[in-house]
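The structure under discussion appears below in the form of structure tokens.
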Amino acid sequence: MHLLVVGAGGFLGAEVCRQAVAAGHRVTGTYHRAAVAVPGVAPRRLDVTDRAAVRELLIRVRPDAVVATPYRYDDWAVTADGAAHIAVAAAEVGARPVHLSSDALHAGRPTPYADEDVPTPLHPYGAAKAAAETAVRAVDPAAAVVRTSLIVGEGSKQIQLCRDALAGRATLFTDELRCPVHVADLAAAVLELVPGDYAGLLNAAGPDAVSRAELGLLVARHDGVDASGLRTTTIAAAGLHRPGEVVLDSTRAAGLLRIRLRGITELYG
């Protein structure tokens, strides 16, 4: 299989590339700036906001499937428009799309979110992720759209944030709950979906819901460092308007996938 990974320079994209190469697939990876060296991956420079460039690359590469992971937190054109450009070009060349989405499109509530729950974004990034999903599903209803949560593992921005908070350089919220998932598990889940026929939304996150502050304590235990200096606060105390309790129910993924999405307490407990 020839797999195109859009966003191969990202934390998840690079792991998808590594696992795909190890599985014997032919892999092309796109990068916005300098290519990250992943052995066995053919690098291509791509600006996903350039619709013509996206189309030209897909026509030239002719992949069997496209794993789309592009995002930029404060850039609608990359997160939303870029996803639409990729979906349209993939449909034109007959490539199977697997699009990565986020729990950031939910506003937060006391009960878990099911796979098909409608987005209720509170901030522009969440709105962009919701728009990306809408575009991808409208272009190709057979696309797999994976909603995930905080991605952890060595090199993760989420783990580094915890270490910064333990060192007094950042602050973690006690009332912001998420379902962390290991990058290796998530990449394996994505690659399972590539050759299949699953269509629509799928929550793929860890089974444990923890606050960011609790994640910081788990990282401290894992690293063997003193957690007494961990800086914490609440969303309200910080005067912010952001999602609080966002728990993804990944029961369907657990029954569908061979890979087991491990919980954060197993990984860092």
Side-chain angles (χ1 to χ4, degrees), residues 5-13 15-16 30 32 46-49 51 54 66-90 97-109 112-141 143-152 156-158 161 173 176-181 183 186-187 189-190 193 198-206 209 212 235 240-250 252-253 261:
V5 179
V6 180
F11 186 50
L12 175 61
E15 180 63 20
V16 170
T30 76
H32 181 58
L46 180 66
D47 177 358
V48 297
T49 67
R51 181 177 174 180
V54 173
V66 180
V67 172
T69 71
Y71 81 95
R72 193 173 298 148
Y73 189 80
D74 58 352
D75 195 326
W76 181 281
V78 171
T79 305
D81 296 344
H85 297 160
I86 295 163
V88 169
V98 178
H99 173 77
L100 269 296
S101 189
S102 168
D103 60 5
L105 48 67
H106 292 309
R109 68 187 188 193
Y113 286 93
D115 303 83
E116 288 90 2
D117 276 346
V118 175
T120 52
L122 288 183
H123 47 62
Y125 175 65
K129 295 300 286 187
E133 284 190 359
T134 299
V136 170
R137 299 182 71 196
V139 170
D140 188 348
V145 177
V146 180
R147 289 176 175 171
T148 194
S149 190
L150 304 183
I151 306 176
V152 300
S156 162
K157 292 179 181 178
Q158 309 301 334
L161 177 62
F173 296 107
E176 188 177 80
L177 274 66
R178 299 293 186 270
C179 297
V181 61
V183 64
L186 182 57
V190 167
L193 292 169
Y198 184 87
L201 300 165
L202 184 70
N203 290 340
R212 285 187 179 269
I235 295 172
L240 299 176
H241 184 60
R242 58 190 288 159
E245 191 171 348
V246 182
V247 177
L248 297 182
D249 181 349
S250 298
R252 181 182 296 173
L261 301 174

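In this text, all values refer to a predicted model and were calculated from it rather than measured experimentally. FYI, side chains are in, hydrogens and waters are out, and symmetry mates aren't considered; it's all heavy atoms of this structure.
Judged by distance alone, the side chain of R109 and the main-chain N or O of G244 form no donor-acceptor pair under 3.5 Å. No donor-acceptor distance shorter than 3.5 angstrom exists from the side chain of T69 to the backbone of L100, with no hydrogens or angles considered. A donor-acceptor pair is defined here as one N or O able to donate and one able to accept, closer than 3.5 Å; such a pair exists between the side chain of Y113 and the backbone of G108. For the pair H85 (side chain) and V48 (backbone), a donor-acceptor distance under 3.5 Å is present.
With a 6.0 Å radius and a threshold of 12 heavy atoms from other residues, nucleotides or ligands, Y71 has its OH atom at or below the threshold. Other residues, nucleotides and ligands contribute over 12 non-hydrogen atoms within 6.0 Å of the CZ atom of R72.
Contact annotation: the side chain of T49 never approaches that of D81 to less than 4.5 Å [non-hydrogen atoms, C-beta and beyond]. Side chains of F11 and Q158 form no contact here, defined as non-hydrogen atoms less than 4.5 Å apart. I86 has its side chain within reach of P70: a pair of non-hydrogen atoms, C-beta onward, lies under 4.5 Å apart. The closest side-chain heavy-atom distance from H32 to D47 is below 4.5 Å.
Going from atom CG of N203 over to atom CG of D103 covers 9.0 Å, rounded to the nearest 0.5 Å. In this structure, L105 CG and T134 OG1 are separated by 9.0 Å, a value rounded to the nearest 0.5 Å. Atom CG of L202 is separated from atom NE2 of H99 by 13.0 Å, given to the nearest 0.5 angstrom. Rounding to the nearest 0.5 Å gives a distance of 7.0 Å between CG of L248 and OG1 of T148. Separation of atoms CZ (R242) and OH (Y125) is listed at 12.5 Å; rounding is to 0.5 Å. Expressed to the nearest 0.5 Å, how far CZ of R178 lies from CD of E245 amounts to 9.5 Å.
Minimum heavy-atom separation, P141 to A199: O-CB, 3.5 Å. Here the shortest heavy-atom pairing between P121 and G126 reads CB-C, 3.5 Å. Closest of all the heavy-atom pairs between S250 and A205 is OG-N, 3.0 Å. Taking all atoms of both residues into account, the shortest heavy-atom contact from E15 to A187 is CG-CB, 3.5 Å. Considering every non-hydrogen atom in both P180 and S149, the closest pair reads N-OG, 4.3 Å. Pairing each heavy atom of V146 with each of V98, the nearest pair is CG2-CG1, 4.2 Å.
With respect to S101, the side chain to side chain donor-acceptor pair (under 3.5 Å) criterion is satisfied by exactly one of K129, E133, R147: E133.
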Assess the residue pair R137 and L201 against the criterion (side chain to side chain contact (heavy atoms under 4.5 Å, CB included)); give the C-alpha distance rounded to whole Å, side-chain angles, the decisive distance to 0.1 Å, and a yes or no.
CA-CA 9 Å; R137 299 182 71 196; L201 300 165; 3.4 Å; yes
